[in-house]
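This report refers to the structure that appears directly beneath it.
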Amino acid sequence: MSNLALPPVAGQPRGRYNQRLGPEQEKRMAIERTLSIVKPDATRRNLTGAINDRFERRGLRIIAQKRIQLSPAQAGAFYEVHTGRPFYQSLITFMSSGPIIVQVLEGEDAVTLNREIIGATDPAKATAGTIRSDFAESIEANSVHGSDSSENAAQEIAFFFSAIEICP
Ligand code: CMP
């Protein structure tokens, strides 16, 4: 029996998260975690399942997930690094405009792999077949967020999740 939960997709590598590896091999494979957000434009259009399918088919495991609505203050705190940028206020309004799905993704090189799957911030510049190319409405309503480094991933995961909510 195959050890992959999902069938391979044409043109894409097989799932990278191999449950049959021993602990020594797993250590060498740099299993990482990253923070992902399905944004209000995507939850409004009922795209959560379609987006999660992209992650799972590429071998990322959703080890924590919850649906919440941020207050403007919470959205501002999460995106504090963008304070002063011209899009900051509008981003806060957008990110608090409806439900979001916050999730922790785990897998080999999860930070880089996730950013490859979601594509460039601006959907007009995103590679064909990425989530943002296929689903995003604009550079702001770009359907998903993904941590840009493992250091930021750890901070962003801690922003939304306690240890007991993460179930690898
Ligand atoms: P995200 O990857 O979540 O990081 C910051 C967000 O700000 C970005 O996705 C977009 O939703 C939003 N944004 C709006 N305008 C811009 C812009 N010009 N450059 C970068 N991010 C932008």
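Computed from heavy atoms alone, side chains included, the values below leave out hydrogens, waters and symmetry copies. All ligand and atom numbering here is 1-based and tracks the order in the structure. Predicted, not measured: the structure shown is a model, and the values here were computed from it.
- Donor-acceptor pairing under 3.5 Å is lacking for the side chains of Asn152 and Ser147.
- Annotation for Ser143 and Ala136: closest pair OG-CA, 3.3 Å, computed over non-hydrogen atoms.
- Ring geometry for Phe160 versus Phe78: interplanar angle of 30 to 60°, hence tilted.
- The protein heavy-atom contact nearest to atom 19 (N) of ligand 1 is Phe87 CE2, 3.6 Å.
- In terms of polar-atom proximity, defined here as any N/O pair under 3.5 Å, Lys39 does make such a contact with ligand 1.
- Each of the following atoms of ligand 1 lies closer than 4.0 Å to a heavy atom of Thr121: 8 (C), 20 (C), 21 (N).
- With a heavy-atom cut-off of 4.0 Å, Ile139 touches ligand 1 through backbone and side chain alike.
- Contacts between Tyr79 and ligand 1, counted as non-hydrogen atom pairs separated by less than 4.0 Å, involve the side chain only.
- Note on ligand 1: Arg132 sits in its first shell, one or more heavy atoms being nearer than 4.0 Å.
- Heavy atoms of Arg85 stay at 4.0 angstrom or farther from ligand 1.
- One finds no salt bridge joining Glu140 and Lys39 here, because no Lys/Arg side-chain nitrogen approaches an Asp/Glu carboxylate oxygen to under 4.0 Å.
- At the shortest separation from atom 12 (C) of ligand 1 among protein heavy atoms lies Leu91 CD1, 3.7 Å.
- For the pairing with Arg45, the side chain to side chain donor-acceptor pair (under 3.5 Å) check across Thr43, Thr48, Asp41 returns one residue only, Asp41.
- Both tests hold for Lys66 against Phe161: distance to the six-membered ring centre under 6.0 Å, angle to the ring axis within 45°.
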